[in-house]
Q: 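Below is a structure I'd like to ask you about.
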Amino acid sequence: MLAKTYAHLTDGEESGAVANVAGRIMLLRTQGKLAFATMRDSTGEIQLFALAAVTQEFDEFVKLHLGDWVGVTGEVVRTKRGELSVKVTSWVRLAEALHNFGDKWAGISDFDLRYRHREADLWANPVSRRSLARRSELVRSLRERCWAAGFMEVETPMLNAIPTGAAARPFKTHHNALSSDLYLRIAPELWLKRLVVGGFERVFELGRVFRNEGLSPRHNPEFTMLELYAAYWNFDDMMAFVEELVAGVAMDVLGTTETEYQGRVFSFAAPWPRRTMAELASEAVGEDVSVHTPREHLAALLASRGVEVHASWGAGRCLAELFEATCEESLWNPIYVTEYPVEVSPLARRLERDPELTERFESYAAGRELSNGFSELIDPVDQRSRFEEQARLAAAGDDEAMQIDEDYIKSLEWGLPPTAGLGIGVDRLAMLLADEPSIREVIAFPTLKPLRD
RNA sequence: GCGCCGGUAGCUCAAUUGGCAGAGCAUUUGACUCUUAAUCAACAGGUUCCGGGUUCAAGUCCCGGCCGGCGCACCA
């Protein structure tokens with residue numbers, strides 16, 4: 001902040017203005033009766049210039065530790081060597097750092113230390129600060145753009161009697177007074193649609209969901225999802241909204257839609273290409289395949305690629321697996337993959353011209369799924385049969401199949417208007433914007449194994 | 001959960017085929033009136049992640065465990 005105000009000061013010039021500043025000592029250079037300290041606050045760094053003749057308790061000042069917080073009063077000056085400084089007259093140590101913040105040149109690189117003590121990592125490593133700040137800007141931008149588009153922000157339960165809205169294993173917990181097992185939500189989807197039934201025509205929720213699955217550079221057991229629902233929209237409308245939303249967010253955070261991700265050019269610019277799952281899978285395997293290709297043939301194509309095919313999979317699931325095995329990683333710039341099989345889309349509306357497919361899309365970017373959306377299934381009868389099919393899969397050993405949610409079916413019986421829904425993985429988007437290879441880098445405190453022994 | 005790789009001073013990292021466990025920074029002490037990772041000198045700093053084993057001798061080799069990174073699986 002001071003840097004702009006006093007940019008005019010020439011080398012060795014004294015401004016005559018007194019400033020109060022506070023921050024953390026990052027570097028300290030003593031030279032006899034002089035001392036220079038680099039102090040940092042949330043806005044940047046400023047040099048402190050202490051002189052034995054001017055600075056109170058000079059002998060104590062030079063004994064400050066790297067990492068100590070200080071409050072300083074003094075005149076704003078520019079040193080003979082041109083560094084804008086506060087010439088310390090009085091100062092106070094606000095807090096003492098008993099541990100250092102890593103090597104003052106190399107910082108902290110040990111992942112275990114960085115993630116378990118992110119506070120130290122943030123002080124030691126500028127890239128960590130930048131990446132988490134970008135995530136914050138992303139979240140702000142998403143909210144503002146949703147509000148601007150007429151969406152109302154709502155909150156729905158994280159403690160659920162039935163974990164549903166996605167294909168995933170839940171975390172289980174227990175409520176003592178109710179004497180009931182509860183599950184941490186795997187998606188807010190069904191609650192949000194019930195709010196649309198209730199008359200809130202555009203709603204969104206930006207919040208945490210929990211899935212009991214393995215960790216990887218792209219997966220954290222708790223992650224942040226933006227889900228939004230718009231009455232009277234279909235999946236085409238939603239695709240048009242999402243590509244503008246994401247491109248707009250890139251403009252807000254980066255000031256451009258053209259960037260680099262992990263050393264490779266990457267563009268957020270809308271519109272994004274739209275290809276059907278069957279088209280992409282057909283190109284990848286070199287022959288026409290679709291949801292109507294005999295299941296055994298699709299299974300053979302999968303098996304020849306080393307994918308283990310389960311007996312419960314129909315042609316739809318096989319097609320989706322084939323797409324994932326052959327196409328997913330190669331999709332770099334954002335692209336919409338559309339027309340998902342009904343078998344893998346138990347909550348999505350059927351396509352009119354082909355009831356084995358749905359009005360569903362997923363966007364892919366940098367080789368991974370970024371968003372998922374569809375025209376919602378609003379027919380309670382069809383929804384019940386879809387749930388029953390899921391229940392059959394669960395009985396056959398699929399522990400990620402959905403359970404029948406009678407309350408949700410009842411809500412559909414009150415009438416869900418034609419509605420489109422969307423989920424965006426906020427952490428994944430943050431990775432792209434921050435140019436980070438691991439999801440852990442854009443989560444302040446990623447899930448780690450508790451220390452034992 | 002499985003596989004590969006890693007864990008050495010507070011931090012960043014060395015240590016040849018198994019042969020006295022080291023450096024820089026930080027800390028402590030001293031010198032120094034314009035430094036920018038200041039510089040110079042000195043002191044101190046270790047259960048080499050933990051527990052076993054092989055060996056005259058283990059940071060190094062073997063077995064088990066803990067934690068992490070990557071890959072697979074699972075998924076977004």
Side-chain angles (χ1 to χ4, degrees), chain A residues 11-12 25-38 45-55 58 62-67 77-85 87 97-117 120-121 123-125 165-170 186-187 209-227 306-308 321 324 328 344 362-373 398-400 422-429 431 437-441 446 448-453:
Chain A
D11 292 359
I25 301 294
M26 302 307 295
L27 298 168
L28 186 60
R29 302 171 288 279
T30 64
Q31 182 153 351
K33 298 289 192 285
L34 293 182
F36 302 89
T38 303
E45 294 183 343
I46 184 99
Q47 179 167 271
L48 305 181
F49 179 24
L51 298 88
V54 174
T55 304
F58 177 84
V62 299
K63 289 180 188 168
L64 281 167
H65 286 180
L66 303 190
V77 302
R78 193 174 292 282
T79 60
K80 291 177 189 170
R81 295 294 172 89
E83 186 74 23
L84 188 70
S85 308
K87 191 161 77 176
L98 298 178
H99 306 290
N100 70 25
F101 286 84
D103 187 275
K104 68 185 182 185
W105 185 243
I108 298 174
S109 58
D110 181 71
F111 286 106
D112 210 24
L113 179 58
R114 287 186 52 227
Y115 294 145
R116 288 189 198 279
H117 286 286
D121 174 47
W123 280 103
N125 297 320
R169 282 146 57 188
I186 58 174
V209 298
F210 307 85
R211 299 189 183 176
N212 206 338
E213 285 146 8
L215 288 69
S216 86
R218 295 159 292 282
H219 302 84
N220 199 63
E222 53 177 307
F223 63 100
T224 301
M225 192 140 81
L226 170 66
E227 280 209 11
V307 179
E308 191 183 340
E321 296 284 340
E324 284 178 26
E328 184 170 334
V344 295
E362 288 196 3
S363 69
Y364 284 82
R368 351 181 232 270
E369 193 180 334
L370 178 64
S371 72
N372 176 22
D398 184 345
D399 51 13
E400 292 178 352
L422 168 80
I424 291 186
V426 172
D427 314 82
R428 294 262 175 100
L429 187 51
M431 288 168 68
S438 169
I439 197 169
R440 288 182 282 270
E441 298 294 345
L448 295 175
K449 196 163 181 174
L451 294 173
R452 280 188 287 234
D453 224 349

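So that the names make sense, note that chain A is the first sequence line, chain B the second, and so on, each numbered from 1. Keep in mind that this is a model prediction, so the values were computed, not measured.
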Q: Can you tell me if A:R211 uses its side chain to pair, donor with acceptor, with the backbone of A:I186 under 3.5 Å?
A: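 Yes; at least one donor-acceptor contact below 3.5 Å.
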Q: Among B:C67, B:A38, B:C74, find the nucleotide with the atom closest to the side chain of A:R29.
A: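 Output: B:A38.
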Q: Within the structure shown, what part of the strands sits under 4.0 Å from A:D427 by heavy-atom distance: base, sugar-phosphate, or nothing?
A: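 No contact.
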Q: Would you classify A:L448 as touching base, sugar-phosphate or nothing, given that sugar-phosphate means primed atoms plus P, OP1 and OP2, and contacts are heavy atoms under 4.0 Å?
A: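 Contact class for A:L448: sugar-phosphate only.
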Q: Which nucleotide, if any, forms a Watson-Crick or G-U wobble pair with B:G3, using both distances under 3.5 Å?
A: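 Partner of B:G3: B:C70.
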Q: Under the rule for side chain to side chain contact (heavy atoms under 4.5 Å, CB included), what residues qualify as partners of A:P437, not counting sequence neighbours?
A: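 By the side chain to side chain contact (heavy atoms under 4.5 Å, CB included) rule, A:P437 matches A:Q262.
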Q: What is the distance, rounded to the nearest whole Å, between atom CG of A:D110 and atom P of B:C49?
A: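 It works out to 12 Å between those atoms.
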Q: With a 4.5 Å limit on heavy-atom distance, are the side chains of A:I46 and A:S85 in contact?
A: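 They are not in contact (no side-chain heavy atoms under 4.5 Å apart), so the answer is no.
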Q: What is the distance, rounded to the nearest whole Å, between atom CE of A:M26 and atom C1' of B:C11?
A: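 In whole Å, B:C11 C1' and A:M26 CE are 13 Å from each other.
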Q: If stacking means aromatic ring centre less than 5.5 angstrom from the base's six-membered ring centre, planes under 30°, is A:F111 stacked on B:G68?
A: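 Stacking between A:F111 and B:G68: absent.
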Q: State which residues pass side chain to side chain contact (heavy atoms under 4.5 Å, CB included) with A:R116; sequence neighbours excluded, sorted by chain then number.
A: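 So A:R116 forms a side chain to side chain contact (heavy atoms under 4.5 Å, CB included) with A:D112, A:L448, A:L451.
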Q: Does A:K104 have a side-chain nitrogen or oxygen under 4.0 Å from the phosphate oxygens OP1 or OP2 of B:C25?
A: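 Checking A:K104 against B:C25: no side-chain N or O falls below 4.0 Å of OP1 or OP2.
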Q: Return the minimal non-hydrogen interatomic distance between A:D11 and A:G82, and the atom names on each side.
A: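 Result for this residue pair: OD1-CA, 3.1 Å.
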Q: List in chain and number order the residues that pass side chain to side chain donor-acceptor pair (under 3.5 Å) with A:E222, two or more places apart in sequence or in another chain; answer none if no residue qualifies.
A: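 A:E222 satisfies side chain to side chain donor-acceptor pair (under 3.5 Å) with A:R208 only.
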Q: Should B:U8 form a Watson-Crick or G-U wobble pair with both distances under 3.5 Å, which nucleotide is its partner?
A: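 Its partner: none found.
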Q: Once you round it to whole Å, what is the distance between C1' of B:U12 and CG of A:D112?
A: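 To the nearest whole Å, that distance equals 16 Å.
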Q: Write down the distance separating the P atoms in B:U16 and B:C62, rounded off to the nearest Å.
A: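 Between the two P atoms, the distance is 16 Å.
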Q: Identify each atom pair where a protein N or O and an N or O of nucleotides 29-34 of chain B are less than 3.5 Å apart, giving names and distance.
A:
| unit_1 | atom_1 | unit_2 | atom_2 | d |
| --- | --- | --- | --- | --- |
| B:C32 | N3 | A:G32 | N | 3.0 |
| B:U33 | OP2 | A:K33 | N | 3.4 |
| B:C34 | OP1 | A:Q31 | NE2 | 3.1 |
| B:C34 | O2' | A:R81 | NE | 3.4 |
| B:C34 | O2 | A:K80 | N | 3.2 |

Q: Name the pairing partner of B:U27, where a pair is Watson-Crick or G-U wobble with both distances under 3.5 Å, or state none.
A: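 Partner of B:U27: none.
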Q: Using a cut-off of 4.0 Å on non-hydrogen atoms, how would the nucleic acid contact of A:P446 be classed: base, sugar-phosphate, or nothing?
A: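 It contacts nothing in the nucleic acid.
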Q: Kindly give the atom pairs (protein nitrogen or oxygen, nucleotide nitrogen or oxygen) under 3.5 Å for nucleotides 70-73 of chain B.
A:
| unit_1 | atom_1 | unit_2 | atom_2 | d |
| --- | --- | --- | --- | --- |
| B:C70 | OP1 | A:R440 | NH2 | 3.4 |
| B:C70 | OP2 | A:R440 | NH2 | 2.2 |

Q: Say we look at B:A58 and B:C20: how far apart would their P atoms be, to the nearest angstrom?
A: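 Approximately 11 Å lies between the P atom of B:A58 and that of B:C20.
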Q: Is there a Watson-Crick or G-U wobble partner for B:A21 with both distances under 3.5 Å, and which nucleotide is it?
A: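 B:A21 is unpaired by these criteria.
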Q: With a 3.5 Å cut-off and sequence neighbours excluded, list the donor-acceptor pairs that the side chains of residues 98-107 of chain A form with protein atoms.
A:
| unit_1 | atom_1 | unit_2 | atom_2 | d |
| --- | --- | --- | --- | --- |
| A:N100 | OD1 | A:G102 | N | 3.1 |
| A:D103 | OD1 | A:W105 | N | 2.9 |
| A:D103 | OD1 | A:A106 | N | 2.9 |

Q: Who is the Watson-Crick or G-U wobble partner of B:U36, with both distances under 3.5 Å?
A: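 Result: none.
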Q: Could you pick out which residue, A:H65 or A:F101, lies toward the 5' side of RNA chain B when each is mapped onto its nearest nucleotide?
A: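 The residue whose closest nucleotide sits nearer the 5' end is A:F101.
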Q: Name the nucleic acid region contacted by A:R114, choosing base, sugar-phosphate or nothing; use a 4.0 angstrom heavy-atom cut-off, strictly under.
A: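 Nothing, no heavy atom under 4.0 Å.
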Q: Applying a 3.5 Å limit to both distances, which nucleotide forms a Watson-Crick or G-U wobble pair with B:G46?
A: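 Result: none.
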Q: I need the CG-P distance between A:D121 and B:U12, as an integer number of Å.
A: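 Interatomic distance, CG of A:D121 to P of B:U12: 11 Å.
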Q: Is the shortest side-chain heavy-atom distance between A:F36 and A:L27 below 4.5 Å?
A: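 They are not in side-chain contact.
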Q: Within the structure shown, what part of the strands sits under 4.0 Å from A:E362 by heavy-atom distance: base, sugar-phosphate, or nothing?
A: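 If one applies the 4.0 Å heavy-atom cut-off, A:E362 turns out to touch nothing in the nucleic acid.
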Q: Distance only, no hydrogens: is a donor on one side chain within 3.5 Å (strictly under) of an acceptor on the other, for A:Q47 and A:R29?
A: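 Result is yes, a qualifying pair exists.
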Q: Figure out the CH2/C1' separation between A:W105 and B:A23, and round it to whole Å.
A: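 In whole Å, B:A23 C1' and A:W105 CH2 are 18 Å from each other.
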Q: Sequence neighbours excluded, which residues qualify as side chain to side chain donor-acceptor pair (under 3.5 Å) partners of A:E362?
A: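 For A:E362, the residues satisfying side chain to side chain donor-acceptor pair (under 3.5 Å) (neighbours in sequence not counted) are A:Y340, A:R360, A:Y364.
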Q: Any sub-3.5 Å donor-acceptor pair from A:D427's side-chain atoms to A:T224's backbone N or O?
A: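 Yes.
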Q: Please give the distance between the P atoms of B:U55 and B:U17 as a whole number of Å.
A: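 After rounding to an integer number of Å, I get 23 Å for this pair.
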Q: Anything under 3.5 Å between a protein N or O and an N or O of nucleotides 6-10 of chain B, put it in a table, one pair a line.
A:
| unit_1 | atom_1 | unit_2 | atom_2 | d |
| --- | --- | --- | --- | --- |
| B:G10 | O2' | A:N100 | OD1 | 3.4 |
| B:G10 | N2 | A:N100 | ND2 | 3.4 |
| B:G10 | N3 | A:N100 | ND2 | 3.2 |

Q: From the set B:C13, B:A76, B:G68, return the single nucleotide nearest to any side-chain atom of A:S109.
A: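 Within the option list, the nearest is B:C13.
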Q: Using modelled atom types and a 3.5 Å cut-off, is there a donor and acceptor pairing between side-chain atoms of A:N220 and backbone atoms of A:F223?
A: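 Side chain of A:N220 to backbone of A:F223, a donor-acceptor pair under 3.5 Å: no, none is there.
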Q: Pairs under 3.5 angstrom, nitrogen or oxygen only, protein versus nucleotides 41-44 of chain B, please.
A:
none

Q: Judged by atom type as modelled, is there a donor-acceptor pair below 3.5 Å linking the side chain of A:R428 to the main-chain atoms of A:R218?
A: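 Present.
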Q: In chain order, what residues pass the side chain to side chain contact (heavy atoms under 4.5 Å, CB included) check against A:A124, with sequence neighbours excluded?
A: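 By the side chain to side chain contact (heavy atoms under 4.5 Å, CB included) rule, A:A124 matches A:I108.
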Q: Quote, to the nearest angstrom, the P distance that separates B:A41 from B:G52.
A: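 The same atom, P, in both gives a distance of 43 Å.
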Q: Could you tell me which nucleotide pairs with B:G51 by Watson-Crick or G-U wobble geometry, both distances under 3.5 Å, or answer none if nothing does?
A: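 Pair assignment: B:G51 / B:C63.
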Q: What residues, two or more places apart in sequence or in another chain, satisfy ring pair (Phe, Tyr, Trp, His ring centres under 6.0 Å) together with A:F210?
A: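 With neighbours one apart ignored, the set is empty.
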Q: I'd like to check the side chain to side chain donor-acceptor pair (under 3.5 Å) partners of A:N125; sequence neighbours left out, ordered by chain and number.
A: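 For A:N125, the residues satisfying side chain to side chain donor-acceptor pair (under 3.5 Å) (neighbours in sequence not counted) are A:D121.
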Q: Nearest to the side chain of A:R428, which nucleotide is it out of B:U12, B:C74, B:A76?
A: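 For A:R428, the side-chain atoms sit closest to B:A76.
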